[in-house]
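One-based numbering, in listed order, for ligands and for the atoms of each. Position 1 is the first residue of the sequence, and the numbers go up from there.
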Amino acid sequence: MENLVIFGAPGVGKGTHAGILAEKYNLLHLSTGDMLRAEIQSGSPLGERVRAKMEKGDLVGDDVVIALVDKALASTNSGVILDGFPRTVQQAQALDFLFKNHGRRMNCVISIDAPRDELVRRIHERALISGRADDANDDTIRHRLEEYEQKTKPVIDFYKVSGLLVSIDGSGEINQTSMRLCQIVDYLIKHSK
Ligand code: AMP
């Protein structure tokens, strides 16, 4: 059973690639952004609590997303591909704990890299179809990228130390990045004990 994290800045294509890998390798795609948007859509009290933060481009509280991931992991026996989580070092530490609790092992954290200009270009492009308020406003986009730099990037060092991190170039076409990702997952499957 493979358990992976797809890591990267807003706009790099985490959701797209996590979706492709989930389908190809029969993994459950867990996106905390999608879970939070579903809470907002359903009008739940939790959705109401996180709506303003998400619209501003702030990260929501660690406790909120950790609880969502815990619940999702409890509901499945299949391998998972996490997208958009962990986004802080505290979340990464919590994920270690959650995986242990749920009898899982982390196989790999794959970081997809692309230059800032390309991220902004992709977010603008996505805004045309996503309908996401946080994709449509330049200040919000800038703030999300700042949140990434300040709070999320340190997660890279956390996983570097544990030897779980692989970084790939995601600045090109979707197909190229997808091919690189599949090579990594094929390798993991071949060499997993
Ligand atoms: P995403 O769909 O991954 O781009 O996430 C959209 C928004 O949801 C982010 O800008 C945050 O406001 C919130 N969010 C998603 N995942 C997390 C997380 N792991 N920690 C904190 N906030 C999150």
A.B. asks: May I have a table of the N/O to N/O pairs between ligand 1 and the protein that fall below 3.5 Å, each row giving the two atom names and the distance to 0.1 Å?
C.D. replies:
| from | atom 1 | to | atom 2 | distance (Å) |
| --- | --- | --- | --- | --- |
| ligand 1 | 2 (O) | Arg37 | NH1 | 3.0 |
| ligand 1 | 2 (O) | Arg37 | NH2 | 2.9 |
| ligand 1 | 2 (O) | Arg132 | NH1 | 3.4 |
| ligand 1 | 3 (O) | Arg87 | NH1 | 3.0 |
| ligand 1 | 3 (O) | Arg87 | NH2 | 3.1 |
| ligand 1 | 4 (O) | Arg87 | NH2 | 3.4 |
| ligand 1 | 4 (O) | Arg132 | NH2 | 3.1 |
| ligand 1 | 12 (O) | Asp58 | O | 2.6 |
| ligand 1 | 16 (N) | Thr32 | OG1 | 2.8 |
| ligand 1 | 16 (N) | Gly84 | O | 3.4 |
| ligand 1 | 16 (N) | Arg87 | NH1 | 3.0 |
| ligand 1 | 19 (N) | Gly84 | O | 2.8 |
| ligand 1 | 19 (N) | Gln91 | OE1 | 2.9 |
| ligand 1 | 20 (N) | Gln91 | NE2 | 2.9 |
| ligand 1 | 22 (N) | Val60 | N | 3.1 |

A.B. asks: Go through the steps for Glu147 and Arg144 under the test salt bridge (Lys or Arg N to Asp or Glu O under 4.0 Å), then give the verdict.
C.D. replies: CA-CA 5 Å; Glu147 288 278 81; Arg144 284 163 67 200; over 6 Å; no

A.B. asks: Locate the shortest heavy-atom distance separating Ser167 from Asp113; write the atom from each residue and the value.
C.D. replies: CB-OD2, 3.7 Å

A.B. asks: Looking at Asp135 and Arg126, is there a salt bridge between them, counting it only when a charged N and a carboxylate O are closer than 4.0 Å?
C.D. replies: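 Here Arg126 pairs with Asp135 in a salt bridge, since their nearest N and O are under 4.0 Å apart.
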
A.B. asks: What residue pairs, at least two apart or across chains, pass ring pair (Phe, Tyr, Trp, His ring centres under 6.0 Å) with a residue in residues 144-187?
C.D. replies: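 Applying ring pair (Phe, Tyr, Trp, His ring centres under 6.0 Å) to every pair that reaches into residues 144-187, excluding sequence neighbours, yields Tyr187-His191.
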
A.B. asks: Quick test of your reading of the model: are Glu48 and Arg51 salt-bridged, counting only N-O distances below 4.0 Å?
C.D. replies: yes

A.B. asks: Search all heavy atoms of Arg37 against all heavy atoms of Ser31 and return the closest pair with its distance.
C.D. replies: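 Closest pair (atom of Arg37, atom of Ser31, distance): NH2-OG, 4.5 Å.
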
